[in-house]
There are 2 protein chains.
Amino acid sequence: MDLHRIKVACSSCNLRELCIPMGLAPEELEQLDNLIATRRRVRRGGTLFSAGDPFTALYAVRSGFFKTSVTTADGRDQVTGFQMAGEILGLDGIVQDKHACSAIALEDAEVCVLPFDKLEQLSRAFSTLQHHVHRIMSREIVRDQGVMLLLGSMRAEERLAAFLLNLVQRLHARGFSKSEMVLRMTREEIGSYLGMKLETVSRTFSRFQDEGIIEVKQRYVRILDPAALEAIVNHNPAHDD
Amino acid sequence: MDLHRIKVACSSCNLRELCIPMGLAPEELEQLDNLIATRRRVRRGGTLFSAGDPFTALYAVRSGFFKTSVTTADGRDQVTGFQMAGEILGLDGIVQDKHACSAIALEDAEVCVLPFDKLEQLSRAFSTLQHHVHRIMSREIVRDQGVMLLLGSMRAEERLAAFLLNLVQRLHARGFSKSEMVLRMTREEIGSYLGMKLETVSRTFSRFQDEGIIEVKQRYVRILDPAALEAIVNHNPAHDD
DNA sequence: CGGCTAGTTGAGACTACTCAACTATCGTGG
DNA sequence: CCACGATAGTTGAGTAGTCTCAACTAGCCG
């Protein structure tokens with residue numbers, strides 16, 4: 001395992017507006033700096049944690065890109081999310097003291113390790129931090145509800161449109177372009193996340209391209225007509241006209 | 001609104017092994033009793049909270065049955081869960097200080113109101129309670145991942161089989177039969193939750209009945225062959241034999 | 001008892017899946 | 001550096017599962 005004892009100050013991290021430090025007072029930030037003892041590097045394709053692993057810490061993505069997935073007894077696999085810089089991994093592990101899903105790096109990545117017992121300890125001392133932890137967990141619950149909405153009530157085109165808009169919006173919040181991106185995941189991973197087969201993902205990309213809504217070349221995607229994508233997402237066949 | 005200032009002691013609640021009090025020490029229980037100042041009754045069809053309502057409290061279901069649902073801008077609606085006695089509602093509200101989903105009673109219900117600021121305050125004093133709150137939120141995240149798996153990778157029969165088994169198992173944990181139940185929700189609500197149309201839900205019920213796996217009469221369901229339901233859930237077409 | 005909502009069933013349409021062939025890209029070793 | 005194999009992605013044809021629309025039945029409430 002790839003552990004680095006390099007001290008990283010949350011107080012000087014350029015992700016502090018996206019990550020745990022958001023909204024904390026200077027003295028709380030200082031305490032948080034003490035909490036985060038280690039960082040950990042994960043190579044592309046490497047595993048941050050696997051389902052069943054003992055839960056000890058949360059992880060804040062510092063750089064790179066992850067997917068989380070759950071697996072059934074019969075080998076079925078479902079991607080439950082993609083995580084980028086500033087996002088938190090491992091919340092699923094708290095309830096059973098072991099991870100319920102696996103987290104795999106889709107590109108070389110680095111995470112800040114947040115030992116959970118220490119985070120709880122610090123949360124008892126600082127109500128701002130405590131509330132912030134609650135907000136992070138609640139945010140994950142709300143995100144999951146959004147995915148359920150997507151999986152439960154949208155058709156393939158709508159799912160992919162919503163996915164692309166969500167991804168580019170998150171990238172834009174991190175200083176990247178709001179119209180261009182390079183996908184870190186395969187068509188199969190997108191399909192697993194969106195509840196569709198890879199061929200359907202590919203066909204839908206092609207259809208969007210034919211319609212002039214996006215430009216696709218393998219992993220490169222450029223959004224030419226964001227309004228059209230929005231329209232697809234918000235299109236309810238039941239209220240058609 | 002239907003507020004009752006009747007004092008209810010968690011310490012004597014018959015749901016204490018399922019609800020928040022689980023695993024707390026007597027002195028912590030006593031503090032929790034002080035926290036829960038009110039109960040609230042909700043009639044069948046009534047709303048506990050709606051999406052957009054200001055968030056002030058979590059709710060522990062004392063009796064009755066709820067559904068939670070999210071709605072899109074274009075009026076699409078997705079049921080995100082069904083909650084019964086001992087389960088916690090409102091976790092989605094923390095992150096934005098307003099509820100992200102709506103909670104509606106499917107039968108006359110009563111909930112314990114847990115003012116969230118007080119719960120946080122108490123959590124800072126009692127680490128057991130703090131950890132317990134974290135576990136409850138984490139449990140919700142894991143549950144949501146399970147729903148994503150269901151919606152993203154299962155077919156109609158598998159979804160309904162998984163749904164019935166989950167429901168009867170939760171009812172059984174509350175002292176009800178492990179083979180019989182009366183559904184509290186309509187075919188449409190089941191369909192919304194499972195990402196299928198009400199007609200498909202109905203047809204799938206009929207098919208299970210024709211195959212001798214269950215007995216259905218409107219809302220009454222009896223599981224005749226639980227092993228067959230399990231087999232349907234764990235059946236992966238890709239690994240067929 | 002009548003009207004209304006919930007649930008069932010049928011027929012046909014359509015979306016997304018399966019299977020398959022082909023192309024593009026990337027990394028590796030000769 | 002190019003050739004090769006492996007992986008990823010695209011596209012086509014046919015199929016299956018689910019949806020849509022519709023008619024009908026059952027149960028519930030006033």
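By convention in this document, chain letters (A, B, ...) are assigned in the order of the sequence lines, proteins followed by strands, and residues within each chain are numbered from 1. Here the structure is a predicted model, which means the values were calculated and not measured.
- Remark: A/R187 is positioned above the aromatic ring of A/F205, its terminal NZ or CZ atom under 6.0 angstrom from the ring centre and at most 45 degrees off the axis.
- Spacing between atom CG of B/L198 and atom C1' of C/dT8 amounts to 10 Å, rounded to whole angstrom units.
- Atom CE of B/M137 is separated from atom CG of B/D92 by 9.0 Å, given to the nearest 0.5 angstrom.
- Atom CD1 of B/I214 and atom P of C/dG7 are 14 Å apart (whole Å).
- The nearest pair of heavy atoms linking B/V142 to A/A100 is CG2-CB, 3.9 Å.
- With rounding to whole Å, A/R159 atom CZ is found 14 Å from C/dT15 atom P.
- Put simply, NE2 on B/H99 and CG on B/L91 are 10.0 Å apart, with the number rounded to the nearest 0.5 Å.
- When all heavy atoms are compared, the tightest approach of A/C112 to A/I36 is CB-CG2, 3.9 Å.
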Requested in this report: Take B/E87 and B/R143 through the salt bridge (Lys or Arg N to Asp or Glu O under 4.0 Å) test and state the conclusion after the steps.
Outcome: CA-CA 12 Å; B/E87 297 180 335; B/R143 187 195 72 87; over 6 Å; no
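- In this structure, A/L183 CG and A/L167 CG are separated by 6.5 Å, a value rounded to the nearest 0.5 Å.
- Considering all non-hydrogen atoms of both residues, B/D144 and A/M148 come closest at OD1-CE, 3.2 Å.
- One distance of note links CG of A/D53 with OG of A/S102; it measures 7.5 Å at 0.5 Å rounding.
- DNA chain D lies under 4.0 Å from at least one heavy atom of each of the following residues of residues 183-196 of chain B: B/G195, B/M196.
- Taking atom NZ on A/K197 and atom P on D/dG17, their separation rounds to 13 Å, with Å as the unit.
- One interatomic measurement links the two molecules: CD of B/E157 to P of D/dA16, which rounds to 15 Å at whole-angstrom precision.
- In this structure, B/I214 CD1 and B/I223 CD1 are separated by 7.5 Å, a value rounded to the nearest 0.5 Å.
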Any protein N or O atoms within reach of nucleotides 26-28 of chain D? Criterion: under 3.5 Å, listing atom names and distances.
none

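- The distance from atom CD of B/E199 to atom P of D/dT20 is 8 Å, rounded to the nearest whole Å.
- Within residues 160-168 of chain A, no residue approaches DNA chain D, by heavy-atom distance under 4.0 Å.
- Which of D/dG9, C/dA16, D/dC19 sits closest to the side chain of A/R219 comes down to D/dG9.
- Proximity of residues 202-212 of chain B to DNA chain C (heavy atom under 4.0 angstrom from any strand atom) is restricted to B/S202, B/R203, B/S206.
- With sequence neighbours left out, the ring-ring contact (aromatic ring centres under 6.0 Å, His included) criterion links A/Y59 to A/F49.
- Within the structure, side-chain hydrogen bond (donor to acceptor under 3.5 Å, both in side chains) contacts touching residues 199-219 of chain B (residues at least two apart or in different chains) are B/E157-B/R207.
- Atom OG1 of B/T186 is separated from atom CG of B/L106 by 8.0 Å, given to the nearest 0.5 angstrom.
- A/S192 and A/Q78 get closest at one heavy-atom pair: O-NE2, 2.9 Å.
- Rounded to an integer number of Å, the gap from A/M154 CE to D/dC19 P is 16 Å.
- Summarising the geometry, the separation between CG on B/L106 and C1' on C/dA6 is reported as 14 Å, rounded to the nearest angstrom.
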